[in-house]
Structures are given as structure tokens and as C-alpha cells.
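Each remark here refers to the structure printed beneath this line.
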Number of protein chains: 2
Amino acid sequence: MDPHLLTTFVTVARHGSFSAAAAELGYTQSAISQQVAALEADLGLALLRRRPVEPTPAGRRLLEHAEPLLLRLRAARADVLRTAAEPRHLLRLAATPLAVNPVVAARLAEARARQPRLEIRLRMCRAERLAALVAEGRADLGLADGIAAPSDPLRLPDAGPMTTTGVTEEDLVVALPAGHPLAGRASLRLADLIDARWLRTPLCPPARLRDLVGEGFPAGLEYEGDDVRTALNLAAAGHGLTLLPASAVPAGGGGGGGVCAVPVAAPRLVHRVELLHAALPPGAAADLVAALSG
Amino acid sequence: MDPHLLTTFVTVARHGSFSAAAAELGYTQSAISQQVAALEADLGLALLRRRPVEPTPAGRRLLEHAEPLLLRLRAARADVLRTAAEPRHLLRLAATPLAVNPVVAARLAEARARQPRLEIRLRMCRAERLAALVAEGRADLGLADGIAAPSDPLRLPDAGPMTTTGVTEEDLVVALPAGHPLAGRASLRLADLIDARWLRTPLCPPARLRDLVGEGFPAGLEYEGDDVRTALNLAAAGHGLTLLPASAVPAGGGGGGGVCAVPVAAPRLVHRVELLHAALPPGAAADLVAALSG
DNA sequence: CCAAATTACGTCGACCGTAAGAATC
DNA sequence: GATTCTTACGGTCGACGTAATTTGG
């Protein structure tokens, strides 16, 4: 179970070819063959079927383990090395699309006002990748958003020891087309919407939606992008409902096409933004964390 | 970052001695010294201060990563090997103290009635260790209990890809001494108890309690065991309140000393039991999982 | 001065590359 | 028969043990 052999195995499985893996890793075919053989000998069972090269059941199981394992290994290395890094003034921030709400943006501004030398590079990414980015040190700080019960932490993929801090919580609303029968309501319950069509978008993770609304709700349009205005336009046009933080839906229901935001009364849920970071690089990071935490 | 070197490093740190680690691992002092040196050279920084032997800040950080990392490595190996294991009729079950409630016990009985050859060895353990036990294959199935919002999964330490299934959810009650001012109430809110003294016991994880009740509640007695009757007796005697599943508190408020169980009305919480398992060993396991899932 | 970690050095084994040998499409 | 993986074999480098050396209490 040497990580070295594990990466080789993963690469071979991904390419479906020993020679391609050899090319990528800078080894000869022969070495790859020996490494795979060594791993199989170590475990005492076949991991790959040859010609065509594809994982056996045991191999598939190992693949499920190997990826997070290697991620955590890289994360550990990055985290330890960070303790000896020199101070930086450029902070690389990674955020999910809905994480930079007005409050977060304002706090970032405060921090920059207090620390003129502070530079921030903000990069967007999906929630699943965010923890990995931060863990591996490819981002210094992460801002993740999600739906949770009030004061409950978000469920983020575990990529090793990391600090998570709640930043904001705000009301959750359902974005309805202006003409929808429930559009005028002061609030509604998700249970009332069990038959509604939902917009499938990474803005509101489908897995979470399934938990909340129930299994097998009729799927509306699937929008693979993460632009909020596009999602709102789609919602306004009746392609499906969306769960969004209140601040993401323009007030008054005006705008282009008319969406109406109705707060979710039950279950009690909030849209939560969380800050996550591994060991902080010395420098401006600690101040920014403090500023964001409020 | 060879796991081999990592285990050596962890062992040295735990013993605070190179020679002791050498004895445990079956190496010479010299080898240990070289291994630690190799790890430090690889990372480019000191991990241990010598004489006395204790971790540097970077070393402490690495230790935080190393333990879960090595656990996951063992877990991966065990999981893959299990795919090739021969069928077993003895199932090793691990459970947290409150997980085997009447419903779970009844379902276990059903399964045994249907499968006469099925043997079950039940072993108790704390929640923190349960996921590790199952992941490493030292138990085939795990039954974990905890407090969560209705239909929300439990927060278990992540020890790799595992299947979790909800088994039961039941009401959560506060165990109050019979004479307590709130004892007669039909229900109460946790917010009402913010100033109460709580019994600190692994039966109700203190971390979770802090989340629910708030920071810095006055700590009552700390009970390190996990016997429910003892906890009830302590609660009856006024040492502090406890959150328990309804079925754990004898009805009628009678019993030895008098505790009164008052359901928790807000926040909406349940006591949840979850079944977790990695790859199922062939044999009776799948049936048992089905029986427990209801 | 003693216990304990480091360094020096020799040996053995692991791993990779070259090259020849199977196996499958 | 060509491509692709496997096996054979030799060289190199790394890892461990023995033993001498240094360091710190």
C-alpha cells in the first residue's frame, strides 16, 4: 500500500493503459507493470484485468479509497510545509458562487482598508473541490456556502484537519416565477413543494435538495453553470424552482422577467457561509480571518 | 511522506524516545534515527526536538495529519481484502452504548430468527472509535447513535468510503430529577436550560451539547463511564441534566430515585441510530443489514 | 559518566531500465 | 502481425544493521 504504487495504480486505471500511465509518470512500461504487480502481490489479489485494462471489483474498491487518501497525503505535506513558509501579502481565496454575499464582501473591504498591503486573489470553484483546494494549499482560505439548520456547521468533504468558522447565516428563499400560485405568500414550507419542479444546478446541490424535499422529485431543467442571474432567469421562465439565499434574489420581485422570493418557514433552514483554512500562512491571513469572522 | 516513515515518526513522538520506538517497531535505534532524519530531510524542516524528544510545531501539525492518514490506509487495505474474504457466519458488531435500543434489539432478534446459522458478537465502544473499528475491519457492522435534526445523518468521523443507513429515530428527552422545577412539564426548549448544570458523559457527547445549549454552560459532574442507569441515578441526585433517547429513561418516572423525562420541543431534534459498514463480507451480513434497516 | 541519538560504513535488497518473451486484438 | 503487457536480468541506489562517535543531562 505504498502511495507510490497507489498513484501508479490510479493513473493506470484512469488511462486504461499501462503505457499511457508510464508516459505520464515518466517511467517505462515495464516499471509500471512491475509496480502494479507489486501492489497486487502485496494485497494478494488482482486489481486490474488486462486487455482491456479495467479494474476488478477489488480494484474499483481500492480506487474509491486511493483518491481521497492521496489527497490527504498531499494535504498533510502542504500543511506542514506551510508552517515554515515566509509571510505573504497575497492571499489566495477560493469561494463557491454564493459564498461572497454582501456581508462577506463588506468584511473583505474592511480588511483591505485596515491592511493596505493586503492583496487578495479571489477564485471561484465548486463546493466539492473547495476543501481539496484549501487542504492542498492551492488556496489559502476557502469560503463555502450551503444549506444547513441554524447554527449547524456545513457538511464539507473531509480533507484533513481544518479550521472552519461560521461567517454568515441568512434566510433561505424559494425563487418562484412571478405568476406562480404560491408567489404572493409571505412564507412557505418545503413540504408544500414536494411536487414542484426544481432547477438542478450546482448553486443548490441536488443531493441536499433530495434530502430536504424528498426522493424523486420531478427534475426540471438542469443548469450546469453557476451564474445566479441565469438561474433566476430560468426560474422566472418557469423551468423550475431554486433555493437561494435571500440576498441573492433582487428585492421587489422586479428585474428582468420577474421572480418572487418566498422565505422558507419550515423546516428551519438557513443559507450559511463558512470560512475554512488549514494552518494559516504567516502574514495577513490571520487578520483576514478575524475580519471575516466578524 | 512515506507511510512507513510516518508510522515511525508517530511512534517516536508517542514514546518520546527513539530507542523505545525502535523496540516497538523491531528496528535498531540507528534505523529509527535515520528514518526520522529522512522524513525531516524530505520535508526540509525539523519535526522533533531532541533530548528531550518532543515534536516541534511542524511536527505537531504532522501528527494531527498522520493518525487519520494511517487509519485510512489500514482501512483501505482491510476494505479491499474484504472483497476476497470467504463467507462468515460470525458477524462482529460494534455499537455505542445507546445504539442498541428496543427497536434495534428486536430487529436483531428477527434476523437471528430468520437465519439460524447467524452468530453475532456484539461489542461496545465509544462513538469516536466506532468508525475506525468498522473501517479497519475489526468490526463488520457498526451501530452509532447520536443527536441530529430529524432525517439528518449523524456526524461521524470520516474514516473512508462507508455506507451509512438510518435505522431509528426517536424523541429526545431531558432527564431531570423528580423534584426539578421543570420536571412536570410536557415539553421544554433547550434554550430554557441554558443555565442548567449538565452531566458530562460520553453518552451525550459534550461537543454536541455545546453546540446545542451554547458555549460555557456550567459543567456539573463528569461521568466517564457509559452506563445509562448510573447516569440516570446521577441525574436523579441532581448532579446535572442529561439528554437521552426517550426509550432509555424508564417510563412513569419511578425507578430508583426518580428521574423525570421531559421531551425536547425545540430545537427539533431526535436521537438517531445509524448503521455503518464498509464493503460487506459475503455471507449473512447483507441480510442483517436489511433486517436492521427495517 | 552514562544514556541516548548521530554518523560511518558495509551489505543486502528493492526498484528501475533494457531487452526478450507472451498474449490478445 | 502489431501493439501491449509480462518476464528476465543486470546495475544502481536506498535502507537497515553493526559499531564507532558525539551530545546532553
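In what follows, chains carry the letters A, B, and so on, assigned in the order in which the sequence lines appear, proteins first and then strands, with residues in each chain numbered from 1.
Judged purely by distance below 3.5 Å, without hydrogens or angles, the side chains of A:Thr8 and A:Gln35 pair a donor atom with an acceptor atom.
Taking CD1 of B:Ile120 as the reference point, atom CG of B:Leu288 lies at 5.0 Å (rounded to 0.5 Å).
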Worked verdict on B:Glu222 versus B:Leu199 for side chain to side chain contact (heavy atoms under 4.5 Å, CB included): CA-CA 6 Å; B:Glu222 175 156 1; B:Leu199 201 60; over 6 Å; no
Residues B:Gln34, B:Ser30; criterion side chain to side chain donor-acceptor pair (under 3.5 Å); working and verdict: CA-CA 6 Å; B:Gln34 292 176 55; B:Ser30 169; 2.9 Å; yes
Step-by-step side chain to side chain contact (heavy atoms under 4.5 Å, CB included) determination, A:His277 to A:Met162: CA-CA 6 Å; A:His277 57 86; A:Met162 254 189 293; over 6 Å; no
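Checked against the 6.0 Å centroid criterion, the rings of A:Phe9 and A:His65 do not qualify as a close aromatic pair.
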Please set out all donor-acceptor pairs under 3.5 angstrom arising from side-chain atoms of residues 45-53 of chain B, sequence neighbours excluded.
from: B:Arg50; atom 1: NH1; to: B:Glu40; atom 2: OE1; distance (Å): 3.3
from: B:Arg50; atom 1: NH1; to: B:Glu40; atom 2: OE2; distance (Å): 3.2
from: B:Arg50; atom 1: NH1; to: B:Leu48; atom 2: O; distance (Å): 3.1
from: B:Arg50; atom 1: NH2; to: B:Glu40; atom 2: OE1; distance (Å): 3.2

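Residues from residues 13-23 of chain B lying near DNA chain C, meaning a heavy-atom separation below 4.0 Å, are B:Ser17, B:Phe18, B:Ser19 in numerical order.
For the pair A:Leu25 CG and C:dG17 P, the computed distance is 11 Å after rounding to whole Å. Counting to the nearest Å, the P atom of C:dA5 and the CD atom of B:Glu40 are 13 Å from each other. The distance from atom CG of B:Leu5 to atom P of D:dA15 is 7 Å, rounded to the nearest whole Å. Going from atom CD1 of B:Ile32 over to atom C1' of D:dA15 covers 12 Å, rounded to whole Å. In this structure, B:Asp42 places its CG atom 15 Å from C1' of D:dA15, rounding to the nearest Å. A straight line from NE2 of A:His4 to C1' of C:dC15 spans 9 Å, rounded to a whole angstrom.
In summary, A:Glu136 and A:Arg77 do not engage in a salt bridge, as defined by a charged side-chain N under 4.0 Å from a carboxylate O. A salt bridge is defined here as a Lys NZ or Arg NE, NH1 or NH2 lying under 4.0 Å from an Asp or Glu carboxylate O, and A:Arg126 with A:Asp226 meets this definition. Ion pair A:Arg200/A:Glu224 not flagged as a salt bridge, since none of the NZ, NE, NH1 or NH2 atoms sits closer than 4.0 Å to an Asp/Glu carboxylate oxygen. A salt bridge links A:Arg72 with A:Asp158: the closest approach of a Lys/Arg side-chain nitrogen to an acidic carboxylate oxygen falls below 4.0 angstrom.
When all heavy atoms are compared, the tightest approach of B:Leu5 to B:Ala38 is CD1-CB, 4.2 Å.
A search for side chain to side chain contact (heavy atoms under 4.5 Å, CB included) contacts involving A:Leu90 returns A:Arg88, A:Glu119, A:Arg121, not counting sequence neighbours.
In terms of phosphate contacts, B:Gln29 brings a side-chain nitrogen or oxygen within less than 4.0 Å of OP1 or OP2 of C:dA5. For the OP1/OP2 pair of D:dC16 and a distance below 4.0 Å, the side-chain nitrogens and oxygens of B:Gln35 include at least one atom meeting the criterion.
Taking the screw axis at each terminus of the helix from C:dC1-D:dG25 to C:dC25-D:dG1 from five consecutive base pairs, the angle between the two is 40° to within rounding of 10 degrees.
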Would you list the protein and nucleotides 7-11 of chain D atom pairs, both N or O, that sit under 3.5 Å from each other?
from: D:dT7; atom 1: O4; to: A:Ser30; atom 2: OG; distance (Å): 3.0

Heavy-atom protein contacts under 4.0 Å, nucleotides 20-25 of chain D, coded B base, S sugar-phosphate only, - none: ---BSS
